[in-house]
S.K.: 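One structure coming up, written as structure tokens, with questions to follow.
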Amino acid sequence: MTEEKYSIKVVPNENSRIGEVDFNNLAFGKIMSDHMLVADYDDGEWKEVSIVPYTNFNLSPASSALHYGQAIFEGIKAYKFADGRVSIFRPDKNHERFNRSALRLEMPEVPTEIFMDGLKQLVDLDRDWVPEKEGCSLYIRPFMFATEPALGVHPSKSYKFVVITCPVGAYYNKPLRVKVETEYTRAAKGGVGFSKNAGNYALSLYPTRLAQEQGFDQLIWTDAKEHKYIEEAGTANLVFMLNGTLVTPGSDTVLQGVTRYSIMSIAEHWGIPTETRDVTVQELIDGIKAGNVTEAFAAGTAATLTPISEIGHEGEIYTLPAPETREFSNKVLHYLNELRYGKIEDPFGWNFLVG
Ligand SMILES: Cc1ncc(COP(=O)(O)O)c(C=O)c1O
């Protein structure tokens, strides 16, 4: 019944741009694939759902997302197996998180028949856009924004849910120098830190630029109240190997990353102890000084697993062990890649095959 309700109309792109893509030289997020999924919400229900050629929108300047920020998104990746099959990595987790973001931003939830089936059909249609080269993938960007053409702060009555995709290479191509941010704040308790809403990224840009001017690549956000607890990086979660235990900060002010929980699950599967808990800046610095922090990395869909080489805090630089010596990070990244590209069995059932 539900499938009929949300049957997806497909309008094929007769003018594919795939011939213009240099798959050996993919920048992140610059070239969009041929199709996009669009679903409109109005009068309390999802109406038309269609897959159409990638194109611009026609928007009212009064669209409420542009003024009051009801805008959320997700980031997911699809991989091509050697035998040509295409698999999306754990999209069900992103769907759950998307709907948690929607609830917090007073936006409608997107049903499984639109989010999951839509993703599957869209990626299947543009399967030629999924890169084959290891380290490359098709980045999938579902997003939703408020479209009611009305000023005044109130929940929008209408929304657009859209999915676009683009073939990508690495987001970071070198180990990161990160600065512990102790002046600016990303998220406070009771706020929207756990949600993937556009505003969380807008507010990060200015402090990140200041850190970049000091020679850092990214920030480590700390808690809003005391700047005492480690939270996450700008576009990824943080994971540390501390005294042989894999630790990630557990606060509800950080995004509940799919990548880090996948890495923690693999670690547990291998018998490595894991903890999701508060980590103070002091504990981290003391650990680095004592040689007990043997690994540190950023984990995220875009970032994959990017080693952290140096951490700056209050004018001091703390250096971590050389990335090539990090046993767990290298092993788990290799394992994750093998799993996502279908080279080994998928004991967790994380690969969502398309078509
Ligand atoms: C702020 C932030 N934290 C964490 C993550 C990692 O989340 P995931 O592993 O689900 O991509 C991301 C990236 O998506 C992010 O933007």
Side-chain angles (χ1 to χ4, degrees), residues 6 8-23 26-41 46-59 63 65-66 70-80 86-95 97-99 101-102 107-108 110-131 136-147 158-169 171 196-198 200-202 235 258 300-303 352 354-355:
Y6 296 118
I8 302 176
K9 193 177 89 185
V10 180
V11 182
N13 191 334
E14 306 291 350
N15 299 302
S16 176
R17 289 168 284 104
I18 198 162
E20 298 162 21
V21 183
D22 178 1
F23 279 91
L26 291 169
F28 196 95
K30 302 273 189 214
I31 304 163
M32 303 304 154
S33 316
D34 282 333
H35 297 89
M36 63 184 193
L37 179 128
V38 183
D40 286 302
Y41 181 94
W46 289 99
K47 311 260 183 194
E48 282 250 330
V49 189
S50 50
I51 292 177
V52 295
Y54 181 88
T55 187
N56 293 341
F57 295 129
N58 186 1
L59 272 190
S63 295
L66 302 177
Q70 276 185 298
I72 60 172
F73 66 98
E74 272 303 328
I76 309 172
K77 277 179 175 172
Y79 300 85
K80 192 166 273 178
V86 170
S87 162
I88 310 178
F89 189 70
R90 306 192 79 180
D92 50 322
K93 292 284 149 206
N94 298 85
H95 180 216
R97 190 170 67 190
F98 191 78
N99 281 341
S101 299
M107 299 168 88
V110 175
T112 306
E113 296 79 19
I114 298 179
F115 193 102
M116 296 293 284
D117 298 351
L119 235 61
K120 201 169 172 175
Q121 280 199 42
L122 179 69
V123 173
D124 195 19
L125 186 63
D126 277 340
R127 58 168 45 243
D128 290 346
W129 286 80
V130 187
C136 297
S137 54
L138 187 77
Y139 187 77
I140 306 169
R141 168 54 56 84
F143 61 106
M144 174 163 62
F145 61 98
T147 53
S158 57
Y159 297 87
K160 218 178 239 315
F161 171 67
V162 186
V163 187
I164 56 175
T165 70
C166 53
V168 297
Y171 192 79
K196 207 164 166 68
N197 76 86
N200 281 351
Y201 295 83
T235 55
V258 179
T301 299
F352 179 76
V354 166

S.K.: Please assess K47 against D40 for the test salt bridge (Lys or Arg N to Asp or Glu O under 4.0 Å), listing each intermediate value before the final yes or no.
M.R.: CA-CA 6 Å; K47 311 260 183 194; D40 286 302; over 6 Å; no
S.K.: Run the side chain to side chain contact (heavy atoms under 4.5 Å, CB included) test on T235 and Y171 for me, step by step, so that the C-alpha distance in whole Å, both residues' side-chain angles and the decisive distance to 0.1 Å come before the verdict.
M.R.: CA-CA 10 Å; T235 55; Y171 192 79; 3.9 Å; yes
S.K.: Which is it for M144 and V162 under the side chain to side chain contact (heavy atoms under 4.5 Å, CB included) test, yes or no, and what are the steps along the way?
M.R.: CA-CA 6 Å; M144 174 163 62; V162 186; over 6 Å; no
S.K.: Taking the six-membered ring for Trp and the single ring otherwise, decide whether the centroids of F57 and F145 are under 6.0 Å apart.
M.R.: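 Yes.
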S.K.: Could you pull out the closest heavy-atom pair between T147 and S63, with the gap in Å?
M.R.: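 Nearest heavy atoms, T147 then S63: O-OG, 3.8 Å.
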S.K.: Specify the closest pair of heavy atoms between C136 and P131, including all atoms of both residues, with the distance to one decimal.
M.R.: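 For C136 versus P131, the nearest heavy atoms are CB-CB, 3.6 Å.
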S.K.: Take the angle between the ring planes of H95 and F115 and call it parallel below 30°, perpendicular above 60°, tilted in between.
M.R.: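 Aromatic pair H95/F115 classed parallel.
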S.K.: Looking at every heavy atom in both F89 and I76, which two are closest together, and how far apart are they?
M.R.: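 Nearest pair, atom of F89 first, then I76: O-CG2, 3.9 Å.
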S.K.: Would K196 pass as a cation-pi partner of F98, given that its NZ or CZ must be under 6.0 Å from the six-membered ring centre and within 45 degrees of the axis?
M.R.: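 That pair does not qualify as a cation-pi contact.
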S.K.: Provide the closest heavy-atom pair for K77 versus T301 in the form atom of the first, atom of the second, distance.
M.R.: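 In terms of heavy atoms, the two residues are closest at NZ-O, 2.8 Å.
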S.K.: Are the side chains of V130 and P167 in touch, meaning some heavy atoms are under 4.5 Å apart?
M.R.: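 In short, these two side chains do not touch, never coming nearer than 4.5 Å.
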S.K.: Side chains of S101 and N197: does their closest heavy-atom pair fall under 4.5 Å?
M.R.: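 With C-beta onward as the side chain, the pair stays apart.
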S.K.: For residues I140 and L119, report the shortest heavy-atom separation together with the two atoms involved.
M.R.: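 In terms of heavy atoms, the two residues are closest at CG2-CD1, 4.0 Å.
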S.K.: Salt bridge between K120 and D117, side-chain N to carboxylate O under 4.0 Å?
M.R.: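 Looking at K120 and D117, the cut-off is not met.
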S.K.: Answer whether the closest heavy-atom distance between the side chains of N94 and P142 falls below 4.5 Å.
M.R.: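 They are not in contact (no side-chain heavy atoms under 4.5 Å apart), so the answer is no.
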S.K.: For the residue pair W129 and D34, confirm or rule out a side-chain donor-acceptor distance under 3.5 Å.
M.R.: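 Distance-only check passes for W129 and D34.
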S.K.: Might you point out which heavy atoms bring H35 and N13 nearest each other, and give the distance in Å?
M.R.: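 Smallest heavy-atom distance, with atoms named: NE2-N, 2.8 Å.
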